[in-house]
Colleague: 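This structure is in structure tokens; I'll ask about it shortly.
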Number of protein chains: 2
Amino acid sequence: MPKKNTPVKMDPRVRRTRRILREALVALILEKDYASISIRELTDRAEVAYITFFRHYESLDQLLMEVLDEGMGELLVHIEVLAKQSDTSRLETEGRLIFEYIQQKGDLFRILFKSQSAARIRKSVVRNIAAVFQNSCAPLQRPNSQIPVKIAGNHMAISLLALIEWWIENRMSPPPSQMGKIYKALIIDATIGAVALA
Amino acid sequence: MPKKNTPVKMDPRVRRTRRILREALVALILEKDYASISIRELTDRAEVAYITFFRHYESLDQLLMEVLDEGMGELLVHIEVLAKQSDTSRLETEGRLIFEYIQQKGDLFRILFKSQSAARIRKSVVRNIAAVFQNSCAPLQRPNSQIPVKIAGNHMAISLLALIEWWIENRMSPPPSQMGKIYKALIIDATIGAVALA
DNA sequence: GACAATTGTTACACAGTATAACAAAAAGGA
DNA sequence: TCCTTTTTGTTATACTGTGTAACAATTGTC
């Protein structure tokens with residue numbers, strides 16, 4: 001299998017092949033069920049030899065993971081920026097920014113929610129987001145609180161992804177500004193209130 | 001394919017075969033990855049002929065769906081009972097009942113969360129639970145509310161399933177009574193508060 | 001231009017799905 | 001109990017998709 005060094009040092013043929021395979025997979029997932037896509041179908045679409053796929057990836061899942069990992073890291077950055085904003089008045093703006101980012105990378109998120117095989121990736125995304133929220137919740141917790149911060153963090157992370165999924169399925173309406181407000185009220189304020197009070 | 005009348009009128013051989021196949025699938029999923037289970041492996045385990053599987057089901061997914069549908073209906077009943085309880089003081093007890101039911105049907109829920117192919121079933125479960133919660137939220141909504149009840153219902157349904165999944169992964173601790181309290185504070189009270197206030 | 005790395009072509013072994021035809025066993029009614 | 005119907009088992013076969021091997025052709029790099 002060809003080396004996978006820094007993208008700069010990589011052989012241009014390898015870069016090209018992998019890019020073409022990623023693009024072909026994205027196109028195929030958006031037009032049909034992921035489970036029904038075969039490697040032969042992918043390589044035909046990408047116009048590369050069948051065996052070439054195996055020279056770069058062990059499975060379609062691995063290729064899918066490479067495609068999704070790309071964008072999920074960026075989402076996490078947005079959420080981290082948001083979480084560090086202790087200025088509550090700015091939270092709505094930051095919430096809006098999340099949904100504007102999703103709007104921009106629409107295809108990527110459509111794939112994340114569409115294909116069942118992305119479940120593993122969703123789980124790791126949830127874990128990363130949950131860790132961020134967990135840190136935000138920790139200082140608010142009272143000594144004998146009923147709600148463990150681990151549960152609160154997980155709750156917020158999954159709720160956010162669910163809200164994003166709902167939004168995408170509803171053709172991205174209402175607009176990001178409105179979604180930012182919903183996000184703040186339903187997930188941030190509600191959860192923080194529950195942790196602080198219970 | 002043999003007829004699928006009321007379970008009473010069904011041929012005893014058909015009832016037996018399908019029961020054995022269901023049991024074998026449950027056993028296999030609990031001990032290995034669902035995606036790696038082949039039909040031949042299933043029929044070997046069930047000690048029936050390979051072709052017999054196709055005389056009853058079109059795919060492993062269909063069999064899995066039959067297994068899960070069985071128990072998810074009952075869960076919904078518990079949640080409906082809970083939602084109709086307007087007496088807030090009793091909500092904790094009802095929340096406890098949900099987690100006691102899950103404790104009882106542990107294997108079923110482990111399978112629901114373990115296998116990616118159960119995603120479709122999870123979605124339909126979420127839809128059903130969301131509809132129940134949506135009705136609970138509707139009367140609380142103010143005229144120009146920021147949060148649509150559809151989002152609130154979806155949020156509560158997914159949060160509940162996430163809480164259940166977290167609980168199962170944590171070996172079902174804390175106990176159901178404690179989980180009932182967390183459920184009430186984090187999901188019911190927090191969401192209702194957000195809908196009524198925002 | 002020479003060498004190394006990557007890609008393409010062809011062939012093949014293998015596992016899993018799905019079906020057909022016929023034999024064996026079990027259920028149910030007279 | 002005998003007879004008929006239905007279900008299950010056995011064997012064979014076609015088909016699709018995965019994964020690898022050997023070697024030729026192409027492309028990148030020094």
Colleague: Report the end-to-end axis angle of the helix from C/dG1-D/dC30 to C/dA30-D/dT1; each axis comes from five terminal pairs, and the value is rounded to 10°.
Modeller: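 One end axis against the other gives 30°.
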Colleague: Can you name the one residue among A/E66, A/Q62, A/R18 that meets side chain to side chain donor-acceptor pair (under 3.5 Å) with A/Y57?
Modeller: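 The single option meeting the side chain to side chain donor-acceptor pair (under 3.5 Å) with A/Y57 is A/E66.
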Colleague: Find every protein N or O atom lying less than 3.5 Å from an N or O atom of nucleotides 17-23 of chain D, and list the pairs.
Modeller:
unit_1 : atom_1 : unit_2 : atom_2 : d
D/dT18 : OP1    : A/I39  : N      : 3.3
D/dT18 : OP2    : A/I39  : N      : 3.3
D/dG19 : N7     : A/Y50  : OH     : 3.4

Colleague: Please check if the side chain of A/T191 supplies one atom and the backbone of A/I187 the other of a donor-acceptor pair under 3.5 Å.
Modeller: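 Yes, A/T191 side chain to A/I187 backbone: donor-acceptor pair under 3.5 Å.
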Colleague: How do B/P12 and A/V48 order along DNA chain C: which one's closest nucleotide is nearer the 5' end?
Modeller: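 Mapping each residue to its closest nucleotide by heavy atoms, the 5'-most match is A/V48.
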Colleague: Roughly how many Å is it from CZ in A/R16 to C1' in D/dT26, rounded to a whole number?
Modeller: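 Taking atom C1' of D/dT26 as the reference, CZ of A/R16 is at 12 Å.
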Colleague: Over how many whole Å does the gap from A/L21 atom CG to C/dG8 atom C1' extend?
Modeller: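 For the pair A/L21 CG and C/dG8 C1', the rounded distance is 14 Å.
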Colleague: Can you see if the side chain of B/H56 gets near the phosphate of D/dT7 - specifically, an N or O under 4.0 Å from OP1 or OP2?
Modeller: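 False: B/H56 side-chain N/O out of range (4.0 Å or more) of D/dT7 OP1/OP2.
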Colleague: Give me the distances for all protein-to-nucleotides 1-5 of chain C N/O pairs that come in under 3.5 Å?
Modeller:
unit_1 : atom_1 : unit_2 : atom_2 : d
C/dA5  : N3     : A/R13  : NH1    : 3.2

Colleague: For the residue pair A/Y34 and A/S115, what are the closest heavy atoms and their distance?
Modeller: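 Looks like CB-CB, 3.7 Å.
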Colleague: Taking all heavy atoms of A/A157 and all of A/A130, pick out the closest pair and write down the distance.
Modeller: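 That would be CB-N, 3.6 Å.
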Colleague: Is there side-chain contact between B/F113 and B/W166, with heavy atoms separated by less than 4.5 Å?
Modeller: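 A side-chain contact is absent here, since even the closest heavy-atom pair is not under 4.5 Å.
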Colleague: Is the closest basic N to carboxylate O distance between B/E165 and B/R110 below 4.0 Å?
Modeller: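 Salt bridge: no.
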Colleague: Going through the distances and angles, do B/L108 and B/M72 end up as a side-chain contact (heavy atoms from CB on, under 4.5 Å)?
Modeller: CA-CA 9 Å; B/L108 207 69; B/M72 292 307 120; 4.2 Å; yes
Colleague: Is there a side-chain polar atom (N or O) of B/T17 under 4.0 Å from OP1 or OP2 of D/dT7?
Modeller: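 B/T17 to D/dT7 OP1/OP2: no side-chain N or O under 4.0 Å.
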Colleague: Between atom OH in B/Y57 and atom C1' in C/dT17, what is the gap in whole Å?
Modeller: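 Whole-Å distance recorded here is 18 Å.
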Colleague: Considering only heavy atoms from C-beta outward, does the side chain of B/Q103 approach that of B/W167 to under 4.5 Å?
Modeller: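 Yes - at least one pair of side-chain heavy atoms lies under 4.5 Å apart.
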Colleague: Is any side-chain N of the basic residue among A/E23 and A/R45 closer than 4.0 Å to the acidic one's carboxylate O?
Modeller: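 Salt bridge absent between A/E23 and A/R45.
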Colleague: Is the shortest distance from a Lys or Arg side-chain nitrogen in A/D61 or A/R120 to a carboxylate oxygen in the other one below 4.0 Å?
Modeller: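 Yes, charged N to carboxylate O under 4.0 Å.
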Colleague: Rounded to whole angstrom units, what separation is found between the CG atom of A/D44 and the C1' atom of C/dG8?
Modeller: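 The answer, rounded to whole Å, is 13 Å.
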Colleague: Indicate whether any N or O donor in one side chain lies under 3.5 Å from an N or O acceptor in the other, for B/D189 and B/Y183.
Modeller: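 No pair is found: no donor N or O on one side chain lies under 3.5 Å from an acceptor on the other.
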Colleague: It should be established whether A/T52 places a side-chain nitrogen or oxygen under 4.0 Å from OP1 or OP2 of nucleotide C/dT6.
Modeller: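 Answer no for this pair, as no side-chain N or O of A/T52 is under 4.0 Å from OP1 or OP2.
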